[in-house]
Enquirer: 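Let me begin by handing over the structure; questions about it come next.
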Protein chains: 2
Amino acid sequence: MRSVWLSTATLAVAVVVHTAAYDLRQEALDTFSILPAAAPAIEGNPTNPSKVELGRMLFFEPRLSKSGLISCSTCHAPGRAGADNVKVSAGHGGQRGTRNAPTVFNAVFSKAQFWDGRAADLRAQAKGPIQTAVEMNNTPERVIATLESIPDYVTAFEQAFPGVPDAVTFDNVAAAIEVFEATLLTPNSPFDRFLAGDDTALDAAQRAGLETFMVHGCARCHKGVNLGGEGYYVFGTEKKPPANVLPAGDKGRYEVTKKADDTYAFRTSPLRNVALTAPYFHSGEIWDLDEAVAMMVRSQLDSKLSDQQIREIGAFLRSLTGDQPRVALPILPPSTATTPKPEM
Amino acid sequence: MRSVWLSTATLAVAVVVHTAAYDLRQEALDTFSILPAAAPAIEGNPTNPSKVELGRMLFFEPRLSKSGLISCSTCHAPGRAGADNVKVSAGHGGQRGTRNAPTVFNAVFSKAQFWDGRAADLRAQAKGPIQTAVEMNNTPERVIATLESIPDYVTAFEQAFPGVPDAVTFDNVAAAIEVFEATLLTPNSPFDRFLAGDDTALDAAQRAGLETFMVHGCARCHKGVNLGGEGYYVFGTEKKPPANVLPAGDKGRYEVTKKADDTYAFRTSPLRNVALTAPYFHSGEIWDLDEAVAMMVRSQLDSKLSDQQIREIGAFLRSLTGDQPRVALPILPPSTATTPKPEM
């Protein structure tokens, strides 16, 4: 008798959860999508294993920087969710950048790169920091002279770009980095498992947070496979954030388009693995995820949410942490007599 | 008939090579030894897989630095032969050190650490850069506060030091790093294969260089399994090196012992993988291996060697490059609300 009672109760709960989860899932599937486990094909940049391997070497290659000290991985550390967990990164000679480093993980799925979207894709993005004075402070010519001076790199480019004469080019550096970065995915998050049909993947608070996230407007901007990275929105439409979080001098997308409407607009942050990528916002000023959510609610939403709803959104965001990619450090080939020397 | 003639000739050559190599090998085995492929036991620091894994995490952990940007691997990069291939490393705020970073590979076999031998072993060494102002600029208290604020680290210490109450200590940080570093070995170099009996492992120039290296006195200091790392010798006994290579202000071992005899004495550099670890000397001023050999010959040897002999020593030194360890980047656990924030 006792066991029958328990079974009935369990069944009843299961039905309620299933019914509730069904609509939520369908709504979520209409708004987001499951993160693929395999690197997507990239238009105009066909991949192959040699190109991915070359890209892995270049991603960890500090000789892409003038100092010989800074690589892509310095600020986009695969062991730290593809970011660096500091307010703003340190570049050439210890100089600090002006915006927080976004994660490289899943970035291939975003519709544009950088906080202001000034690069259309990852291979355009890769060329930026290499040449920026406060970052790697190098030139395409010096990068190519470096790589051409190292026979193992010349061979690696020939294998990565078969049949291409003079394969060691700055475009190909970027193309190889892009196909490697496209492998840096974090599938199988609780959220993805929920989307795929696992009712147990999210707890009640996370499901409530997901619902609030969709119903109250967060998902109007934070949508798609990366829950962001698809458009530009002015930061502070409802209430201007404090000056440290939104410094007056950084006008965001306006710097790219020079359109008044884009003043203080930024690319919507992709939110996958957001629990691992503090500090938050382009200014890197906020370390606590719930505080960041509360600030977004105040600055962007016309709805007023309760503390509990804000905590539930935070719980939902923590369900976006996927399997982190396992990356083997490449063994980099040695410099030769003709390799440009590191310069301070 | 033709095949018999060939066989006889082959046999004759084999006998000559074997006889010539036999004495050279025995002399070499009396002076050096084969690099083990497995991490040695460390007195006072028993290893276990959890401790090695914790050490791997800590070795790549930038939160051991005050800035949250610098880890052991920053200057001892496993993808770059355990060093950083710059004159002197960059530390906190981009500040430069005063001596070239020695490789961590095979360092467990050296009898003391640092250019002046001020650390008896790798766990004493590990504590140095963490606290040095121009390097990681941190304090033991802040390191422990950081690790204790991260639950995955607390668990990792408990597993690495089973049965030890309050396992998160600065001593244990260093102990874990030491057992990981002890796994960073480069066995199977051509020289090791020669020592093990493979007559084809070294070519004629390398064998000649090895003989010169032993007969003319290089091996008086550069001996043992690491061809160095066993004692202290004054740099410039025969001829003082140029002031950029031996800066007057850095008195080497004297800084540790305050003995006049130790003025400008340095720990003999271990030479394994030396072809990968340019630039050379504690000052990091010389980029070309043959030039470094020529300088050592002039400054340290009472013999005068020909250009050919110097080139042959260089060829021999290039036979000391072993299999580079494959290291997977650890996935580091996220900070929490109580983790000390990075400080500039």
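Below, read A as the first sequence line, B as the second, and so on, with proteins coming before strands; counting in each chain starts at 1. This is a predicted model, so every value here is computed, not measured.
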Enquirer: Mind listing the closest non-hydrogen atom pair of B:Pro62 and A:Arg80 along with its distance?
Expert: CG-NH1, 3.2 Å
Enquirer: Which atoms of B:Lys341 are under 4.5 Å from chain A, going by heavy atoms: the side chain, the backbone, both sets, or neither?
Expert: side chain
Enquirer: Side chain from CB out, backbone as N, CA, C, O: work out which of these in A:Pro333 comes under 4.5 Å of a heavy atom of chain B, or both, or neither.
Expert: neither
Enquirer: Tell me, out of A:Thr74, A:Leu329, A:Thr336, who's got the most heavy-atom pairs with chain B below 4.5 Å.
Expert: A:Leu329
Enquirer: Please state whether the side chain, the backbone, both or neither of A:Leu69 comes within less than 4.5 Å of a heavy atom of chain B.
Expert: side chain
Enquirer: Does B:Arg96 CZ have over 12 foreign heavy atoms under 6.0 Å away?
Expert: yes
Enquirer: More than 12 non-hydrogen atoms from neighbouring residues, nucleotides or ligands closer than 6.0 Å to CG on A:Asp307, yes or no?
Expert: no
Enquirer: Below 4.5 Å from any heavy atom of chain B, which atoms of A:Asp288 appear? Answer side chain, backbone, both or neither.
Expert: neither
Enquirer: Among B:Arg63, B:Glu61, B:Arg326, which has the most heavy-atom pairs under 4.5 Å with chain A?
Expert: B:Arg63
Enquirer: Pick whichever of B:Thr277, B:Val86, B:Leu276 has the most heavy-atom pairs under 4.5 Å with chain A.
Expert: B:Val86
